[in-house]
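As structure tokens, the structure follows; a few thoughts come after it.
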Protein chains: 2
Amino acid sequence: MPASAEAFVAEVRPGEVVVEAPVRADAALQFIGRIHTPWKSPRECPRRGDLGGPVCRVEIFPPWDQALWGIEKHSHLQILYWMHLARRDLAVQSPRHAETSSGTFALRSPNRPNPIAASLVELVGVEGNTLLVRGLDCVDGTPLVDIKPETCPHATPREADGNSAS
Amino acid sequence: MPASAEAFVAEVRPGEVVVEAPVRADAALQFIGRIHTPWKSPRECPRRGDLGGPVCRVEIFPPWDQALWGIEKHSHLQILYWMHLARRDLAVQSPRHAETSSGTFALRSPNRPNPIAASLVELVGVEGNTLLVRGLDCVDGTPLVDIKPETCPHATPREADGNSAS
């Protein structure tokens with residue numbers, strides 16, 4: 001099967017439960033930037049973020065570049081992004097590497113009713129309106145939703161979400 | 001000043017930068033449940049979540065209650081919720097307890113272009129379509145956006161977001 005976004009979105013595996021309800025629009029998200037990574041398709045993405053992984057670029061669009069003031073004081077950030085290639089209709093999923101099915105909320109799969117990832121990254125540099133970070137695992141071009149200081153202890157790299165195949 | 005939501009939303013402090021751009025609708029969020037807490041207004045909320053705090057109830061609406069299957073295997077969860085009382089137009093903020101102003105992305109204030117909180121909680125029970133958790137700090141009635149297994153180390157309670165005054 002070609003590693004295309006379409007193939008990724010269409011696939012439903014045995015044991016999975018698809019919800020028929022249409023997506024409601026209870027609130028509007030605005031994309032405030034774009035994430036640049038080395039991975040051009042979901043199947044190329046690492047399975048989870050790695051704080052020792054490659055440097056990725058988080059570009060912030062105006063006027064929100066003004067909101068970066070003071071960001072360099074934080075060694076680690078939480079990056080929220082929109083997993084635009086994910087399904088939003090799976091209530092139960094059968095991850096590729098798992099033996100059994102699980103409810104969507106018991107998984108960190110990209111497929112969820114609101115496909116927002118929360119990834120821990122290390123901030124390694126700031127260039128104008130762009131952050132250089134390690135720890136992402138999403139596909140190149142992923143829309144950015146938020147940036148927050150991360151307050152989790154960092155003794156060991158933790159699993160992070162990804163806009164990647166589950 | 002009365003502790004009303006309106007007073008919370010309207011206030012702009014010295015040193016803050018308001019962005020004039022209208023909110024775009026690049027993606028639609030659907031509310032999948034509602035959070036029940038002891039705090040009836042933002043000013044009653046604790047400043048940050050506390051894993052030793054009171055038990056709160058996270059109610060999941062159908063059909064997404066099906067997605068809870070297996071959730072009890074996880075001791076800690078990440079709860080994403082929509083801070084419906086927050087401002088979305090502040091690029092630089094002067095938090096009440098800080099000496100200087102900071103960019104919005106250098107703060108965990110509820111006021112941000114996409115007011116989504118990511119809170120660490122301990123799962124203490126499941127009753128049908130409702131999770132009993134400790135660690136939240138949001139106002140009663142806050143809309144639920146997502147639930148994920150938390151993978152951060154838990155040696156010490158960490159700061160969590162809140163739909164509370166900053």
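Residue numbering restarts at 1 for every chain, and letters A, B, ... go by the order of the sequence lines. Computed over heavy atoms, backbone and side chain alike; hydrogens, waters and symmetry mates excluded. The structure displayed is predicted, hence computed values, not measured ones.
When heavy atoms are compared at a cutoff of 4.5 Å, Pro22(B) approaches chain A solely by way of its backbone atoms N, CA, C and O. The contact between Val23(B) and chain A is made by backbone and side chain atoms together, counting heavy-atom distances below 4.5 Å. For Val19(A), the part lying near chain B is the side chain, with the backbone staying farther off; criterion is any non-hydrogen pair under 4.5 Å. With a 4.5 Å cut-off on non-hydrogen atoms, Leu80(B) touches chain A through its side chain but not through its backbone.
Linking ILVMFWY residues whenever their side-chain heavy atoms come closer than 4.5 Å, directly or via other members, leaves Trp39(A) and Leu85(A) in distinct clusters. Connection of Leu77(A) to Val126(A) is established within a shared hydrophobic cluster, with ILVMFWY side chains joined at heavy-atom distances below 4.5 Å, either directly or through further cluster members. One hydrophobic cluster holds both Leu136(B) and Ile71(B) under the rule that ILVMFWY side chains link at heavy-atom gaps under 4.5 Å. If you chain together hydrophobic residues whose side chains sit under 4.5 Å apart, Ile116(B) and Phe31(A) fall into the same group.
The structure places CZ of Arg112(A) at 9.5 Å from CH2 of Trp64(B), a figure rounded to the nearest 0.5 Å. Note that CG of Leu107(A) is 12.5 Å distant from CD1 of Ile147(B), once rounded to the nearest 0.5 Å. Atom CG of Asp26(B) sits about 11.5 Å away from atom CG of Leu144(A), to the nearest 0.5 Å.
Arg108(B) places no side-chain N or O within 3.5 Å of a backbone atom of Lys148(A) that could act as its donor or acceptor partner. Judged purely by atom type and a 3.5 angstrom limit, Asn114(B) uses its side chain to pair as donor or acceptor with the backbone of Gln30(A).
Applying the side chain to side chain donor-acceptor pair (under 3.5 Å) test to residues at least two apart or on different chains, the pairs with a partner in residues 125-136 of chain A are Arg57(A)-Glu127(A).
In this structure, Ile60(B) and Phe105(A) have side chains that are in contact, with non-hydrogen atoms separated by less than 4.5 Å.
Taking Ala27(A), Ala67(A), Ala106(A), Ser102(A) one by one and counting their heavy-atom pairs under 4.5 Å with chain B, the maximum is reached by Ala67(A). Considering only heavy-atom pairs separated by less than 4.5 Å from chain B, the leading option among Lys73(A), Glu72(A), Arg88(A), Glu20(A) is Arg88(A). Chosen from Ala28(A), Pro113(A), Pro115(A), the residue pairing most often with chain B at heavy-atom distances under 4.5 Å is Pro113(A).
Put simply, the residue from Leu90(A), Val17(A), Thr104(A) that forms a side-chain contact (heavy atoms from CB on, under 4.5 Å) with Gln66(B) is Val17(A).
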